[in-house]
Amino acid sequence: MDSNQQPSALLAESGVTKIVYSLVMPETEAVINSVLDGETLEGETGRDRFHHLFREAWTQKQDLVHEEFFRTWKAWTAAIVQFDVVDFPFVYPTAGASEALREVVHAHAALARKESFCPKIHVFDGEYEGFAAYAAAAGVEVTVHRRQHWREAIDRVGLKEQFYISQPSAIDGFVWEDFDDFAAELNRRVPTAEIMLDLSYVGCVAREFIVKAYFPNVAAIFLSLSKPAGVYYHRIGGVYARKEYLGLFGNKWFKNIASLAIGTSFMSQFGVHELPRKYRAVQKCVIEHINHQLRLALQPADIVLLGVGEASASPSDIERYLLRGPKGEQKVRVCLTPLMAHTINPALNASVTARYYERIAEQDR
């Protein structure tokens, strides 16, 4: 390792990243191929079956396609995510979780204008950056808290405010074990405040765990297959909501039929823990290599795409660059996707050459 190189360049050459990228697995591409090729029936080619998904819109047969997708997701996550769909009657297919998150934040801002209160959301330090970005775009105030002090954070939550949380957590790549206590305590003390629960990393974890999403203050449950299935650019996601979001009403019609078919097929073929368990060994192998190459002390996160570790007493430049979270709780977090992809398929280039790193390199200087 050349200590004179910028941290971004060292990461790029080592095949790891600061941003979390989707891992396209052989299983991902096999599912996509099967959907595109379709099921060959007498008198029809496989591609005819695929094109049939889009034909005869006037019959309204496409209107219900997303319902099968959501039924499949509910069954796929049944061992993990606990809630009753009856309590979440409004279900919208979306382009990943981001479309739903953006719409819900804007709806919060619109309600505030209508009812004349100051819109505000809450997040923990180090959370998914999209929460704050969507809030800024909607003119919504963001309050950031230290997760370690979540009880004190509740003291600052107002009656009509929302708390955005990812579980498993984007902060450190692990299942947040205090989520149940947090949700119950927030509901007891501020019952009208809403938890907006982002489950985008469900399906990325090898070990068993449970997410109790049935608390009455969980107002919306966001889902995505971008990371679990490696289908980021196919934009497959959705939201379960307790109340109607008129901005998403048209998604019943304006949805990506091919992506929903890919997502449904993926979940039907692979269990929610199956691929994370298969690629857990690759995660560990890559972490061992990166620890040696970059002189880090990473451990496998619950999320199979990540390595996480404590910073050393005198952090190196690259450790400081990768730190995430508030002072006193900071972790070194690395996305392993490029090198994992190369390990699975050596024909794939592990070096990171995205324009993103060119911009970051300028910031390093």
Side-chain angles (χ1 to χ4, degrees), residues 1 10-34 76-77 79-80 166 168-175 199-209 224-234 236 262-263 265-310 318-319 322 324 331-354 356-357:
M1 181 177 72
L10 287 171
L11 289 176
E13 289 182 5
S14 301
V16 293
T17 67
K18 188 174 183 178
I19 292 176
V20 183
Y21 286 100
S22 174
L23 175 64
V24 180
M25 299 164 284
E27 293 82 359
T28 306
E29 296 183 341
V31 167
I32 294 170
N33 288 341
S34 70
W76 189 59
T77 62
I80 298 174
S166 61
S169 179
I171 297 175
D172 56 11
F174 289 91
V175 176
L199 302 185
S200 292
Y201 283 113
V202 167
C204 290
V205 175
R207 72 176 180 88
E208 295 182 3
F209 66 102
S224 172
L225 293 186
S226 292
K227 302 302 192 305
V231 290
Y232 176 86
Y233 288 109
H234 291 274
I236 309 173
I262 289 168
S265 180
F266 179 89
M267 293 183 290
S268 299
Q269 293 186 46
F270 301 102
V272 71
H273 295 298
E274 184 175 349
L275 295 182
R277 287 172 178 168
K278 176 178 180 178
Y279 291 112
R280 183 74 164 171
V282 177
Q283 177 194 25
K284 293 178 179 179
C285 177
V286 167
I287 285 175
E288 182 177 351
H289 173 78
I290 293 302
N291 281 342
H292 175 74
Q293 186 170 12
L294 298 179
R295 299 171 190 167
L296 298 174
L298 303 175
Q299 298 292 327
D302 285 341
I303 296 171
V304 75
L305 306 177
L306 301 178
V308 177
E310 303 288 343
I318 199 164
E319 285 178 316
L322 293 169
R324 191 176 183 89
K331 302 286 185 182
V332 175
R333 195 197 74 175
V334 176
C335 174
L336 312 169
T337 296
L339 196 52
M340 286 186 68
H342 174 74
T343 303
I344 295 167
N345 179 3
L348 299 177
N349 187 352
S351 63
V352 180
T353 56
Y356 166 81
Y357 275 105

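Residues take their numbers from the sequence shown, with the count starting at 1.
- No donor-acceptor pair closer than 3.5 Å links the side chain of D302 to the backbone N or O of G173.
- H342 contributes a side-chain N or O that, together with a main-chain N or O of L348, makes up a donor-acceptor pair within less than 3.5 Å.
- In this structure, L336 and L306 have side chains that are not in contact, with every pair of non-hydrogen atoms separated by 4.5 Å or more.
- Distance NE2/H289 to CG/L294: 8.0 Å, rounded to 0.5 Å.
- Remark: of the listed residues V175, V205, V202, V202 is the sole one forming a side-chain contact (heavy atoms from CB on, under 4.5 Å) with I80.
- Between the OH atom in Y279 and the CE atom in M25 there is a gap of 6.5 Å [rounded to 0.5 Å].
- Between V304 and M340, the shortest heavy-atom distance links the atoms O-SD, 3.5 Å.
- Contact annotation: the side chain of I344 approaches that of L23 to within less than 4.5 Å [non-hydrogen atoms, C-beta and beyond].
- Among all heavy-atom pairs drawn from V16 and V352, the shortest one is O-CG2, 4.1 Å.
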Going through the distances and angles, do M267 and L225 end up as a side chain to side chain contact (heavy atoms under 4.5 Å, CB included)?
CA-CA 9 Å; M267 293 183 290; L225 293 186; 4.2 Å; yes
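- Without hydrogens or angle criteria, R280 side chain to L275 main chain gives no donor-acceptor distance under 3.5 Å.
- For T337, there are no side-chain hydrogen bond (donor to acceptor under 3.5 Å, both in side chains) partners at least two apart in sequence or on another chain.
- Y201 and I303 get closest at one heavy-atom pair: CG-CD1, 3.4 Å.
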For H234 and I32: C-alpha separation, side-chain torsions, deciding distance, then whether side chain to side chain contact (heavy atoms under 4.5 Å, CB included) applies.
CA-CA 10 Å; H234 291 274; I32 294 170; 3.4 Å; yes
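- In this structure, G263 and I236 approach most closely via the heavy-atom pair N-CD1, 3.9 Å.
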Let me see the working for I290 and L296 under side chain to side chain contact (heavy atoms under 4.5 Å, CB included), right down to the final yes or no.
CA-CA 7 Å; I290 293 302; L296 298 174; 4.2 Å; yes
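- Under the 4.5 Å side-chain criterion, counting only non-hydrogen atoms from C-beta, I287 is not in contact with Q299.
- Q283 places a side-chain N or O within 3.5 Å of a backbone atom of A301 that can act as its donor or acceptor partner.
- With values rounded to the nearest 0.5 angstrom, L11 atom CG is found 5.0 Å from L322 atom CG.
- At least one side-chain heavy atom of F209 sits less than 4.5 Å from a side-chain heavy atom of P168.
- Looking only at distances, no side-chain donor or acceptor of R333 sits under 3.5 Å from a matching main-chain atom of V308.
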May I have the step-by-step check of salt bridge (Lys or Arg N to Asp or Glu O under 4.0 Å) for R295 and E319, ending in yes or no?
CA-CA 9 Å; R295 299 171 190 167; E319 285 178 316; over 6 Å; no
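- Applying the ring-ring contact (aromatic ring centres under 6.0 Å, His included) test to F174 and every residue at least two apart in sequence or in another chain returns nothing.
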Stepwise, does the side chain to side chain contact (heavy atoms under 4.5 Å, CB included) test hold for V334 with L298?
CA-CA 8 Å; V334 176; L298 303 175; 4.0 Å; yes
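- The closest donor-acceptor contact from the side chain of S14 to the backbone of L10 lies under 3.5 Å.
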Please assess E288 against H292 for the test side-chain hydrogen bond (donor to acceptor under 3.5 Å, both in side chains), listing each intermediate value before the final yes or no.
CA-CA 6 Å; E288 182 177 351; H292 175 74; over 6 Å; no
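- With hydrogens and angles disregarded, no donor-acceptor distance shorter than 3.5 Å links the side chain of W76 to the backbone of F266.
- Judged by distance alone, with hydrogens and angles left aside, the side-chain atoms of S22 form a donor-acceptor pair with the main-chain N or O of S226 at under 3.5 Å.
- Within the structure, side-chain hydrogen bond (donor to acceptor under 3.5 Å, both in side chains) pairs that include any residue of residues 266-276 comprise S265-Q269 (at least two apart or interchain).
- Between R324 and K18, every side-chain heavy-atom pair lies at or beyond the 4.5 Å cut-off.
- Atom CG of L199 sits about 11.5 Å away from atom SG of C204, to the nearest 0.5 Å.
- Scanning all heavy atoms of the two residues, the minimum distance from P276 to A206 falls at CB-N, 3.6 Å.
- Two residues are said to be in side-chain contact when any heavy atoms from C-beta on lie closer than 4.5 Å; E29 and V24 meet this criterion.
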